[in-house]
Amino acid sequence: MSSWLLLNLKALLPFVLLAGGGALLLIPAAFSRGLPERRFNRLFTATLIIIVTTLIITWRAWLSGDTLASGLVLSDRIAYAFDLIFLLVAFLTVLLSRERVQTGGDGQGDYFSLLLFSTAGMSLMAHSGDLILLFIALELMSLAAYILSAFQRDNKSAEAALKYFILGSFASAFLLYGIALIYGATGTTHLSGIAEAAPNLFGASESGGTVWLVRLSVALLLVGLSFKIAAVPFHLWMPDVYEGSPTPVTAFMASGVKAAAFVALIRVALAFFPFPDIPWTSVLSWLAILTMTLGNLIALKQSNIKRMLAYSSIAHTGYALIGVATAMQQGAILEDALASVFFYLLGYALMTTGAFAVVTFMGQGTGEGEQIGDYAGLGQKHPMLALTMTLFMISLTGIPPTVGFIGKFTLFKAALDVGLTGLVIVAVLNSAVSAFYYLGVVSMIYFHKERDAFIPPLSTPLLFLLGFLSIGVLYFGLFPEELFVIARETFKVIVF
Amino acid sequence: MSYFNNHLLSALLLSPLLGVLALLVLPGQATRLLKKTAFVFSLIPFFIALLLYSRFEPVGTFQFTETVPWIPSFSIFYRLGLDGVSLLLVLLTTLLVPLVLAASWTDVQKQVREYCILFLILEIGMLGVFLTLDLFLFYIFWELMLIPMYLLIGIWGGQRRLYAAIKFVLYTMVGSLLMLAALITLYFKAGQSFDLTQMRGLHLPLETQQWLFLAFALAFAIKVPLFPLHTWLPDAHTEAPTGASVILAGVLLKMGTYGFFRFALPLFPEATHYFSPLLITLAVIGILYGALVSMVQPDMKKLVAYSSVAHLGFVMLGLLSGTMEGVSGAVLQMINHGISTGALFFLVGMLYERRHSRRISDYGGLASLMPWYTVAFVIVSLSSIGLPGTNGFIGEFLILLGSFRFHPVAACLATGGVIFAAVYLLWMVLRVFYGKNTHAENNLLKDLNGREIALLLPLLALIFWIGFYPKPLLDKIGPSIEQWGLMQTTELLQNGEVRP
């Protein structure tokens, strides 16, 4: 019994380290009133160390290719690969939070612990082999995220957090009910059990009622997960939450929470794949089309850059859904389709964190930098910052030679291979539409006269962050081979 | 040294980067130094291009090829190659960029460093399109030109530059993104390869060909520009700064026709045959419409812009003519148009610098005030009309000769276009240079200075050289057309049947 426990804990090492680290960091935070600068710096450094250590361990685990599928826990390359995304996002968010969080007050020390808890929840989601464990992990990630979104300590932030919490709980209820239904149908919540139960269930003569039970379960699970990835029409919470939260938290949610929900979606879809007569591809295709199109169209009208990025984030979810739809199509080469989703989510994390980093920087101190108009004339005042923002906007549009383009290319390629031509054409037209609002920012930066707004100097963590992300976006745009090999290796073996 | 010799094309392609690096280390305020440095460094690609010209053998195959695996997971190779047609277009590009930088000496004063860097990056994109033999790489270079052009129009452009810039981007993007989908589909049909040289014998079913051809043709037709997808052009050309207008007309528009020549026609012969009546009709409409609209333009730059629609209609007519003469004429005319219209934009820009007006009505009787300018302008206008003795005549004559064989009606209508060209250009010349000068400001206009003469001289020389002795160029174009399977298409177009 204990060796089973140890084995599973070892497989969950990233989660253990992150959650344990987060808990440890709570102790000094609890014993101080307010947060002197030195203590803040120590917490900041400690968090980074925890994340980097976990990153190294996760990378080595991925390289070794060891897999544990104990029914409850599923530590395969997919899990470790997504862990890498989560840890990267967490690392970037911590760097980004340096200035934002320092503005005094109680409980500031909890910020880092909450980030670690949320990341731990994401990691657990990727490692879950059981739907109940998945649910617990999802809740862990979400609850920490709800609190993080309130950290701005103003009305907008509180509203964002409350909206997120209420609507998120509502969606979790859907998810839980879906889990209950599949338990009713198959007698298990293990993903492996669900996959195995498929042939038996539908071979029997009284499969009529069971079919509908399974279908309903899938529908409810999809609703719950669609909320988390902010697919249309379950996206209504997102723009308000993204706008109201502190910008580093927004970046964290846009890249990390989304990737976690995607891995959950992929796991669930793969487990349910053996069930016949579930129209995965058409449902996901329609979801993708609605999400892309609505996200892009509404983004066109935004004048607040955080809202614009929020709606564009919805659009990018749509693009990534194409990959999942492709994977669920008969005859799909899973490793190509899912690798493209992974690649896209990783690339998206880089580009979007970069964009939000610039927004964070612009909004420092005075809380400005939220309107697109605030970026007027940035090209002359701060050429380096302007250049990086332009790079991120170009990458988000999907113009070569950036990682955004390669990501879209791999998604389209996989989709065209299985014949989802219509979907690709919609995606392609949407990309053209998105150029309008992304280049709108570029045009504001370069084509307009400068304003008098004060721009503080760039701090070291932010400089490092922007440089790292810019180089990443360009490098993986020009030489994506290594990353793509990793992505394909990740999905070569599918276990439950 | 041998490494350089074996990788001439890569050296050519990446040499503008040397200029970019040089510009980055210089201080941003030293505008004269920046411009001089940019000009000097932009001569490097030109000299490499001349070197390639001297070593080129007109046998029709792709030469100086380089093949390096780039993204093995997708079978994408870094594949470069040069044939006669691409050689000439490369020469045109590498010639025009230094001239553009020379022309911007007094024109551009703000953010000079960014201006020069953008042109050098644009040059890489343009050269890449002409040099690449891998479809994916082609797409990358095609899109690469988007943002520099957007920034060039938007930052240094005229009154309505924001509108013109975003219109340019959106039009081009829609076309090229659909082309991306077609490209990926072609990749699968060709057995998971992006290798252009392997795709000639594909023989896809007609319906597949038609869809793919349409997607490619859309992207290229927008760039050409083919009526009715031309509406981005007048705005982009007029609002762009002089240098950007020259490059836009001189090179970027050729990408559309080059795309047809290199991709759309040879890869989809049956579909080309199916759609050629439509395309020829649109080309002829473009010739006549472009000419008629040019006639009524009060703004000189817009006049020249619409004339580009007319001229490239000729090129399209030639490409689809189905004869060796027609296609050769079309390719030659691509070069000619680059030279003539490029020169026209330079000249209009020089006048605008002096008086900040492009309205024909603001000028008059300039012949006595600016004699050398008049000489240059008249020569270039005659070249654009296609007067025998100038380059334009050779190109247009070959096109009309070639298209008369199978499309006599189109050829006759196009000939009308030549007459219209004479009308709009000579009428403009009449109003601007001859007649009475009714504006006092014109008396203060200075004639061409040394720099301006130096930059126009190569273009004027080429106008006459190609006009009297086009053989060297035609010798290089001919074999390439035969080899590249265009003759297969043209035979189809001639005989109207589907070959096995």
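The figures that follow rest on heavy atoms only: side chains count, while hydrogens, waters and symmetry mates do not.
Annotation: maximal heavy-atom pairing with chain B below 4.5 Å, among A:Leu439, A:Val424, A:Leu429, A:Ile399, occurs at A:Leu439. Per-residue counts of heavy-atom pairs under 4.5 Å with chain A were compared for B:Ile76, B:Val174, B:Ile184, B:Thr185; the largest is that of B:Ile184. Of the residues considered (A:Phe436, A:Phe479, A:Phe412), A:Phe436 shows the highest number of contacts with chain B, using heavy-atom pairs under 4.5 Å. Counting heavy-atom pairs closer than 4.5 Å to chain A, the top-ranked of the candidates B:Leu162, B:Leu144, B:Leu146 is B:Leu162. Between chain A and the residues B:Trp70, B:Tyr150, B:Tyr187, the most heavy-atom pairs under 4.5 angstrom are made by B:Tyr150. Interface summary for chain A: among B:Leu151, B:Leu183, B:Thr172, B:Leu178, the most heavy-atom pairs under 4.5 angstrom belong to B:Leu151.
For A:Leu416, the parts sitting under 4.5 Å from any heavy atom of chain B are the backbone and the side chain alike. With a 4.5 angstrom heavy-atom cutoff, B:Gln111 touches chain A only via side-chain atoms. Within the 4.5 angstrom heavy-atom criterion, atoms from both the backbone and the side chain of B:Ile155 approach chain A. Residue B:Leu170 touches chain A through its side chain alone, counting heavy-atom pairs closer than 4.5 Å. The contact between A:Phe405 and chain B is made entirely by side chain atoms (from C-beta outward), counting heavy-atom distances below 4.5 Å.
Remark: the backbone N or O of A:Leu309 is paired with a side-chain donor or acceptor of A:Ser312 at under 3.5 angstrom. A donor-acceptor pair is defined here as one N or O able to donate and one able to accept, closer than 3.5 Å; no such pair exists between the side chain of A:Gln302 and the backbone of A:Tyr311. Judged by distance alone, with hydrogens and angles left aside, the side-chain atoms of B:Asp134 form a donor-acceptor pair with the main-chain N or O of B:Phe77 at under 3.5 Å. A:Thr402 places no side-chain N or O within donor-acceptor distance of the main-chain N or O of A:Gly398, the cut-off being under 3.5 Å. When atom types are taken as modelled, the side chain of B:Lys35 and the backbone of B:Cys116 share no donor-acceptor pair closer than 3.5 angstrom. In terms of modelled atom types and a separation under 3.5 Å, the side chain of A:Ser340 and the main chain of A:Gly323 share no donor-acceptor contact. With hydrogens and angles ignored, the 3.5 Å screen pairs no side-chain donor or acceptor of B:Glu66 with any backbone N or O of B:Leu80.
Using cut-offs of 30° and 60° for the angle between ring planes, the A:Tyr319 and A:His316 rings count as perpendicular.
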